[in-house]
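Here the structure is a predicted model, which means the values were calculated and not measured.
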Amino acid sequence: MGKRVAVVLAGCGVYDGSEIHEASAVLVHLSREGAEAEIYAPDVDQMHVVDHVKGQPTQEKRNVLVESARIARGNIKDLTKLDVTGLDALIIPGGFGVAKNLSTWATQGKNCSISKEVEGVLKAFHAAQKPIGLCCISPVLAAKIFPGCELTVGHDTECEKWPYAKTAETMKELGCKHVNKHVTEVHVDVKNKLVTTSAFMCNAPIHEIYDGIGKMVKEVVRLA
């Protein structure tokens with residue numbers, strides 16, 4: 001029987017929700033591995049709504065679960081319904097929604113708080129020794145919750161290719177070990193069963209981001 005993997009989304013769109021290409025890549029690679037994805041999102045308002053043409057916030061209000069349902073093709077559940085006992089692994093794609101809707105990382109950095117439901121789910125999978133896959137900005141959730149864990153968000157030196165490298169430094173300040181990896185690579189924290197890859201933290205061709213996410217998914221399913 002295929003593994004059952006929870007995928008937690010944070011909305012729909014890179015600047016205020018889940019990064020759509022990352023979420024889609026996770027679902028495609030899970031399918032390829034013969035795993036069944038169960039998609040969840042919190043039933044809460046987004047921090048704000050961003051016009052993705054102008055890159056500017058609007059006065060609109062949107063709900064994270066309702067927006068995430070766009071990516072899930074309607075097949076989605078409220079995060080409060082997630083039961084870790086019937087699932088083999090957890091994956092959280094990136095996108096600014098992770099830092100805005102699942103946590104307050106976007107506004108508070110290392111002093112952020114994490115949504116109670118999201119923290120509960122991460123701690124439940126960790127306590128059950130079930131693997132957790134995180135890509136792009138979502139490793140910051142583990143950095144905040146699991147001190148001393150090993151993660152990658154790509155590289156820790158800022159340049160044109162790695163515009164968000166300061167995230168790695170902030171994660172180190174939380175007591176994590178950051179491991180530099182290329183966009184097509186993953187890092188596996190064996191002790192904590194955390195699998196991370198940088199995805200769109202890197203200015204890379206989309207197929208390389210897709211391949212890195214594929215390796216992350218494959219490793220998560222293997223550990224499950």
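Lys144 places a side-chain N or O within 3.5 Å of a backbone atom of Lys110 that can act as its donor or acceptor partner. For the pair Thr104 (side chain) and Cys112 (backbone), a donor-acceptor distance under 3.5 Å is absent. Distance alone, capped at 3.5 Å, is enough to place a donor-acceptor pair between the His52 side chain and the Val14 backbone. The closest donor-acceptor contact from the side chain of His21 to the backbone of Tyr210 lies at 3.5 Å or more, if one exists at all. Without hydrogens or angle criteria, Thr196 side chain to Leu134 main chain gives no donor-acceptor distance under 3.5 Å. Formation of a donor-acceptor pair under 3.5 Å by the Asp16 side chain with backbone atoms of Val50 is found in this model. A distance-only check finds a donor-acceptor pair linking the side chain of Lys193 to the backbone of Gln129 [under 3.5 Å].
A salt bridge is defined here as a Lys NZ or Arg NE, NH1 or NH2 lying under 4.0 Å from an Asp or Glu carboxylate O, and Lys215 with Glu185 fails to meet this definition.
Residues Ile209 and Val217 fall within the same hydrophobic cluster, defined by Ile, Leu, Val, Met, Phe, Trp and Tyr side chains chained together at heavy-atom separations under 4.5 Å. By the criterion of side-chain heavy atoms lying less than 4.5 angstrom apart, applied directly or through intervening Ile, Leu, Val, Met, Phe, Trp or Tyr residues, Phe200 is grouped together with Ile20 in one hydrophobic cluster. Val190 is not connected to Leu194 by any chain of hydrophobic side-chain contacts under 4.5 Å among Ile, Leu, Val, Met, Phe, Trp and Tyr, and they are in different clusters. One hydrophobic cluster, built from ILVMFWY side chains closer than 4.5 Å, holds both Ile206 and Ile71. A continuous path of ILVMFWY side-chain contacts below 4.5 Å connects Ile145 to Phe125, so both sit in one hydrophobic cluster.
Nearest heavy-atom pair across Asp51 and Val53 is OD1-N, 2.8 Å. Contact detail for Thr197 and Val183: the closest heavy-atom pair is OG1-O, 3.6 Å. Taking both residues in full, the closest heavy atoms of Ala10 and Ser18 are given as N-OG, 2.7 Å, listed atom of the first, atom of the second, then distance. Between Pro131 and Val220, the shortest heavy-atom distance links the atoms CG-O, 3.4 Å. When all heavy atoms of Gly212 and Val186 are compared, the pair lying nearest together is O-CG1, 3.7 Å. Of all the heavy atoms in Ala142 and Cys149, the pair that sits closest is O-SG, 3.7 Å.
To the nearest 0.5 Å, atoms CG (Leu9) and CZ (Arg70) are separated by 13.0 Å. For the atom pair Lys218 NZ and Asp211 CG, the distance stands at 12.0 Å (nearest 0.5 Å). From Glu33, atom CD reaches atom CZ of Arg222 across 11.0 Å, with rounding to the nearest 0.5 Å. If you take CG on Leu82 and OH on Tyr40, they are separated by 4.5 Å, rounding to the nearest 0.5 Å. Rounding to the nearest 0.5 Å places CG of Asn192 at 8.0 Å from CD of Glu150. Atoms CG and CD, from Asn101 and Glu67 in turn, are 10.0 Å apart once rounded to the nearest 0.5 Å.
Atom CD of Glu173 has more than 12 neighbouring heavy atoms from other residues, nucleotides or ligands inside a 6.0 Å radius. The number of heavy-atom neighbours closer than 6.0 Å to CG of Asp83, taken from other residues, nucleotides and ligands shown, is above 12.
Between Val140 and Met171, the closest side-chain pair of non-hydrogen atoms falls below 4.5 Å. Here the side chains of Asn75 and Arg73 are not in contact, with every heavy-atom distance at 4.5 Å or above. At least one side-chain heavy atom of Val8 sits less than 4.5 Å from a side-chain heavy atom of Leu79. Looking at Ile39 and Leu27, their side chains come closer than 4.5 Å, going by heavy atoms from C-beta outward. Considering only heavy atoms from C-beta on, Leu151 stays 4.5 Å or farther from Asp189 through its side chain. Put simply, the side chain of Val7 does not reach to within 4.5 Å of the side chain of Glu38, judged on heavy atoms. Ser103 places none of its side-chain heavy atoms less than 4.5 Å from the side chain of Val118.
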- [ ] Walk me through it: do His29 and Met216 pass the test side-chain contact (heavy atoms from CB on, under 4.5 Å)?
- [x] CA-CA 9 Å; His29 286 296; Met216 182 263 284; over 6 Å; no
Open item on the list: Please evaluate residues Asp43 and Thr80 with respect to the criterion side-chain contact (heavy atoms from CB on, under 4.5 Å), reporting the C-alpha separation (whole Å), side-chain torsions for both, the decisive distance (0.1 Å), and the verdict.
Closed with: CA-CA 8 Å; Asp43 185 6; Thr80 57; over 6 Å; no
Task: side-chain contact (heavy atoms from CB on, under 4.5 Å) assessment of Lys61 paired with Val49 - done: CA-CA 6 Å; Lys61 294 212 177 304; Val49 176; 5.6 Å; no
Task: Test log, rule side-chain contact (heavy atoms from CB on, under 4.5 Å), inputs Ser115 and Val44 - done: CA-CA 10 Å; Ser115 138; Val44 296; over 6 Å; no
Donor-acceptor list for residues 153-167 side chains, cut-off 3.5 Å, not counting sequence neighbours:
residue : atom : partner : partner atom : Å
Asp156  : OD1  : Asn180  : ND2          : 3.1
Asp156  : OD2  : Lys172  : NZ           : 2.7
Thr167  : OG1  : Tyr164  : O            : 3.0

List, one per line, each side-chain donor-acceptor pair under 3.5 Å for residues 87-100, sequence neighbours excluded.
residue : atom : partner : partner atom : Å
Asp88   : OD2  : Arg4    : N            : 2.8
Lys100  : NZ   : Tyr15   : O            : 2.6
Lys100  : NZ   : His48   : NE2          : 2.9

